[in-house]
Amino acid sequence: MDLRSYIRDVPDFPKPGILFKDITPLLADPSAYAYAVAKLAAHYATRPVDAIAAAEARGFLFAAPMALELRKPLIPLRKPGKLPFQTHSYKYDLEYGSAELQVHIDAIAPHAQVLLVDDVLATGGTMAAACKLVEQAGGKVAGCAFLLELTHLQGRERLAGYDCFSLIQC
Ligand SMILES: O=P(O)(O)OC[C@H]1O[C@H](OP(=O)(O)OP(=O)(O)O)[C@H](O)[C@@H]1O
Ligand SMILES: Nc1ncnc2[nH]cnc12
């Protein structure tokens with residue numbers, strides 16, 4: 001299945017000069033969505049993974065079905081003020097702004113191998129922050145998985161030292 005055909009390019013969103021990769025056509029097609037999740041999950045089926053974590057919001061769309069498919073705990077990494085219990089926090093820069101992620105202090109068991117999942121790897125700022133947050137919380141990064149990698153933004157270089165896997169490159 002050609003997953004690329006389910007990604008729509010939207011120029012100048014959310015700011016002039018940004019070519020936004022819209023995954024909603026893929027989400028709208030259950031066969032393509034299921035195929036993408038199954039392919040991502042299959043890549044980690046035999047690797048040591050104790051839990052799956054993702055940053056809101058689009059990361060959840062792939063992390064949740066992967067967690068169910070791999071029968072692993074799901075750990076939400078959320079924007080500030082959303083998690084009700086005590087949190088660890090990490091601030092980071094995006095392709096089009098800055099942000100912060102938080103995780104509950106008891107979400108990650110000591111030395112747990114945490115697989116991080118997101119829809120898009122752009123500059124790598126979000127995933128680098130997610131990795132730091134997992135480590136700050138006592139876990140280890142088992143890998144970083146993406147539906148789509150925007151190779152020209154060289155996010156993979158920002159994630160040097162972490163094992164990265166993407167299903168589609170463009
Ligand atoms: O590699 P980066 O440059 O960090 O960009 C990738 C991140 O940007 C998007 O999230 P966004 O912050 O737009 O939030 P959303 O998931 O709530 O739409 C996307 O879902 C990734 O998390
Ligand atoms: N160009 C882009 N398209 C979709 N999501 C993104 N997240 C960061 N950059 C993005």
Side-chain angles (χ1 to χ4, degrees), residues 1-27 32-33 35-45 47-49 51-67 75-80 88-103 108 113-137 139-170:
M1 183 177 290
D2 179 18
L3 289 176
R4 257 188 212 90
S5 63
Y6 295 90
I7 310 290
R8 172 168 57 190
D9 284 357
V10 182
D12 300 321
F13 182 87
K15 287 207 251 201
I18 302 289
L19 180 62
F20 193 86
K21 298 289 181 178
D22 177 16
I23 60 162
T24 62
L26 184 137
L27 301 176
Y33 190 11
Y35 177 80
V37 169
K39 289 283 276 187
L40 283 168
H43 185 78
Y44 295 97
R47 290 176 161 80
V49 171
I52 295 186
E56 74 171 288
R58 281 178 275 150
F60 292 175
L61 298 170
F62 292 89
M66 279 178 71
I75 302 168
L77 310 181
R78 300 218 55 190
K79 290 169 183 170
H88 294 288
S89 291
Y90 199 86
K91 288 201 172 84
Y92 63 103
D93 292 322
L94 274 176
E95 189 185 5
Y96 40 75
S98 67
E100 183 175 346
L101 284 178
Q102 299 185 328
V103 67
I108 298 173
Q113 293 282 349
V114 179
L115 172 63
L116 286 155
V117 177
D118 211 341
D119 65 332
V120 173
L121 171 59
T123 66
T126 304
M127 188 53 86
C131 290
K132 295 282 185 232
L133 190 55
V134 162
E135 289 166 350
Q136 196 179 316
K140 293 189 181 309
V141 176
C144 304
F146 305 91
L147 173 71
L148 173 64
E149 177 177 357
L150 307 182
T151 52
H152 67 287
L153 293 172
Q154 299 176 326
R156 197 176 271 266
E157 288 179 15
R158 192 156 176 180
L159 296 170
Y162 297 110
D163 182 65
C164 293
F165 173 71
S166 59
L167 220 44
I168 316 169
Q169 299 79 33
C170 65

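Treat the numbers as computed from the prediction; the structure is a model and nothing was measured.
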- Message: Run the side-chain contact (heavy atoms from CB on, under 4.5 Å) test on Val37 and Met66 for me, step by step, so that the C-alpha distance in whole Å, both residues' side-chain angles and the decisive distance to 0.1 Å come before the verdict.
- Response: CA-CA 6 Å; Val37 169; Met66 279 178 71; 4.1 Å; yes
Check: [X] side chain, [Y] main-chain N or O, donor-acceptor pair, under 3.5 Å:
X	Y	answer
Asp22	Asp9	no
Tyr92	Leu101	no
Arg158	Ala128	no
Gln169	Thr151	no

Do you know which two heavy atoms are closest between [X] and [Y], and how far apart they sit?
X	Y	answer
Gly139	Ile108	CA-CG2, 3.6 Å
Val49	Ala142	CG2-CB, 4.3 Å
Pro65	Phe60	CD-O, 3.9 Å
Cys170	Leu148	SG-CD1, 3.5 Å
Leu167	Ala36	CD2-O, 3.4 Å
Cys164	Arg156	O-NH1, 3.3 Å

- Note on the structure: Result for side-chain contact (heavy atoms from CB on, under 4.5 Å) between His88 and one of Lys132, Glu135, Gln136 points to Gln136
How would you list, by chain and number, every residue that makes a side chain to side chain contact (heavy atoms under 4.5 Å, CB included) with [X], sequence neighbours excluded?
X	value
Ala63	Ile52, Ala54, Leu74, Val117
Ser5	Asp2
Tyr35	Met1, Leu3, Lys39

Hey, what do you get for [atom1] ([X]) to [atom2] ([Y]), rounding to the nearest 0.5 Å?
X	Y	atom1	atom2	result
Lys21	Leu19	NZ	CG	5.0 Å
Leu115	Arg47	CG	CZ	10.0 Å
Arg78	Glu100	CZ	CD	13.5 Å
Ser166	Leu147	OG	CG	9.0 Å
Met127	Phe146	CE	CZ	3.5 Å
Asp118	Leu77	CG	CG	9.5 Å

- Ring geometry between Phe165 and Tyr44 (parallel below 30°, tilted from 30 to 60°, perpendicular above 60°): perpendicular
- Message: Could you go through Val134 and Ile75, starting from their C-alpha distance and side-chain angles, then the distance that decides it, and tell me whether this counts as side-chain contact (heavy atoms from CB on, under 4.5 Å)?
- Response: CA-CA 10 Å; Val134 162; Ile75 302 168; over 6 Å; no
- Task: Go through Asp119 and Leu61 one step at a time and tell me if the side-chain contact (heavy atoms from CB on, under 4.5 Å) criterion holds.
- Result: CA-CA 8 Å; Asp119 65 332; Leu61 298 170; over 6 Å; no
- Kindly indicate whether the side chain of Ile23, heavy atoms from C-beta on, has any atom under 4.5 Å from the side chain of Phe62. yes
- Message: Evaluate Tyr6 against Ile168 for side-chain contact (heavy atoms from CB on, under 4.5 Å), listing each step before the verdict.
- Response: CA-CA 11 Å; Tyr6 295 90; Ile168 316 169; over 6 Å; no
